[in-house]
Amino acid sequence: MKITDPSYTILHELDRQSLPVRIEYSGRICYKSEDRIDKDSAIPFVRRMSEYGHNSVLEMGVATFRVKGTSQKQQDELFRCLPRYLQIDQETEQSLLITGSIRAFRELAQTAADTPVIQAVIAFLASRHPYFFETIALPEPSGAAASLSVDKLNLAAVDQLSEPLLSRHRYLGVRFVVNRAVSHELVRHRPCAFLQESQRYCRYSADKFGNEVTFVKPLFFSEGSTEMSQWQQAMEQSEQIYLQLLETTTPQAARTVLPNSCKTEIIVYTNLQEWRHILALRTPKNADPSMREVMIPLQEELEQTFPAVFS
Ligand SMILES: Cc1cc2nc3c(=O)[nH]c(=O)nc-3n(C[C@H](O)[C@H](O)[C@H](O)COP(=O)(O)OP(=O)(O)OC[C@H]3O[C@@H](n4cnc5c(N)ncnc54)[C@H](O)[C@@H]3O)c2cc1C
């Protein structure tokens with residue numbers, strides 16, 4: 001068995017990559033198949049995810065658009081379709097800032113196909129990334145949609161937005177290495193997109209996992225204490241039985257004996273507004289100490305990177 005410390009990584013580099021690259025990197029965490037990423041693998045991967053309807057993977061790519069020339073009537077139509085998973089702000093009377101994931105736009109193509117603003121954004125997105133939309137019938141853009149001007153903001157442009165637009169439209173991914181109890185707490189934050197290493201797909205007896213189970217070191221017990229050796233003994237036993245079960249059964253069956261301390265990797269992707277909410281709940285003294293262990297340093301780092309939002 002292997003013991004590791006908890007950690008986090010803000011995915012700054014990834015956030016600068018193209019939509020397919022971001023989505024592939026995040027999606028492969030489930031299978032721990034990051035070794036299959038190469039310069040040509042992203043588009044075939046996202047095409048497969050779109051075909052299979054593995055929609056949560058498509059939440060990991062978010063884009064921000066400025067739509068100009070919208071009339072009051074068109075704005076009313078947009079709000080009437082209750083686009084729950086978009087961030088929408090009116091910048092000027094006729095200009096809207098719209099941020100959403102590939103999943104959100106794919107679903108709106110089906111449920112709000114007659115809304116000119118949605119038609120215009122989807123037509124723009126589909127012209128640049130057709131593979132996301134090959135399996136769904138796209139709305140035929142109306143004349144009203146064709147008269148709108150749509151531009152995509154790059155990350156640098158989003159970073160220049162002032163508050164509160166910055167915290168609503170800037171999305172940020174963080175990859176955590178934590179135990180399964182902490183990951184369970186993380187997934188309670190509903191506005192986020194999550195992708196997590198799957199104990200159903202990952203067979204820890206395989207060479208790529210070192211033929212062993214990895215556990216996260218608990219911060220509760222001091223080195224050399226009786227409690228620490230009791231914990232270690234419990235982990236060894238559960239690993240031993242897990243490996244025995246794998247000889248006759250599947251990872252999803254064998255995992256039933258794995259404990260909360262089992263290591264997992266999870267990507268949490270959401271906007272800065274929700275990160276501020278998560279940090280407000282997960283850093284105070286009443287929060288789980290194992291959660292605070294990663295959230296307090298994350299908060300400190302975000303205060304440096306986005307002082308307008310986190311200070
Ligand atoms: C110290 C601590 C102890 C806890 N103990 C327990 C416990 O014993 N048992 C337990 O089950 N959970 C517990 N939790 C989890 C807690 O109940 C929440 O599920 C979790 O913290 C998510 O936070 P949230 O609901 O504020 O916001 P999020 O899910 O992060 O949502 C963010 C915002 O989205 C909006 N929102 C999202 N979904 C809805 C909705 N359906 N309706 C309306 N608004 C919505 C709200 O404005 C909300 O502020 C605990 C959390 C903490 C921090």
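Counting starts at 1 for both ligands and their atoms, in listed order.
- In this structure, atom 43 (C) of ligand 1 has its sub-4.0 angstrom surroundings free of protein heavy atoms.
- No hydrogens or angles considered: a donor-acceptor pair under 3.5 Å links the side chains of Q75 and T70.
- Taking the six-membered ring for Trp and the full ring otherwise, F45 and Y131 have centroids separated by 6.0 Å or more.
- The closest side-chain donor-acceptor pair between Q90 and S95, if any, does not fall under 3.5 angstrom.
- Every atom of ligand 1 is numbered from 1 in the order shown, and the set under 4.0 Å from a heavy atom of P191 is 28 (P), 29 (O), 30 (O), 31 (O), 32 (C), 34 (O).
- R203 forms no cation-pi arrangement with Y201, by the criterion of a distance under 6.0 Å to the ring centre and an angle within 45° of the ring axis.
- There is no protein heavy atom less than 4.0 angstrom from atom 4 (C) of ligand 1.
- Taking a distance limit of 4.0 Å, we find that atom 16 (C) of ligand 1 is approached by no protein heavy atom.
- Of the options H277, H189, K285, E274, the smallest heavy-atom separation from atom 49 (O) of ligand 1 is shown by H277.
- Residue T99 is tested with H169, R170, Q87 for a side-chain hydrogen bond (donor to acceptor under 3.5 Å, both in side chains); the sole match is H169.
- Atoms of ligand 1 found under 4.0 Å from any heavy atom of N286, numbered from 1 in the order shown, are 1 (C).
- Under 3.5 Å, the side chains of S183 and Q196 contain a donor-acceptor pair of N or O atoms.
- With atom 45 (C) of ligand 1 as the reference point, the heavy atom nearest to it among R188, H184, R190 is part of R190.
- For atom 27 (O) of ligand 1, a protein heavy-atom neighbour is present inside the 4.0 Å cut-off.
- Residue contacts with ligand 1: R282 is included, with a non-hydrogen atom under 4.0 Å away.
- Just one residue in the list E24, H54, M60, R103 forms a side-chain contact (heavy atoms from CB on, under 4.5 Å) with M49, and that residue is H54.
- Judged purely by distance below 3.5 Å, without hydrogens or angles, the side chains of Q119 and S142 pair a donor atom with an acceptor atom.
- Among protein heavy atoms, the minimum distance from atom 23 (O) of ligand 1 is reached at L281 CD1, 3.5 Å.
- There is a protein heavy atom closer than 4.0 angstrom to atom 20 (C) of ligand 1.
- Shown here, atom 9 (N) of ligand 1 is out of close reach of the protein: none of its heavy atoms lies under 4.0 Å off.
- For atom 35 (C) of ligand 1, the nearest protein heavy atom lies 4.0 Å or farther away.
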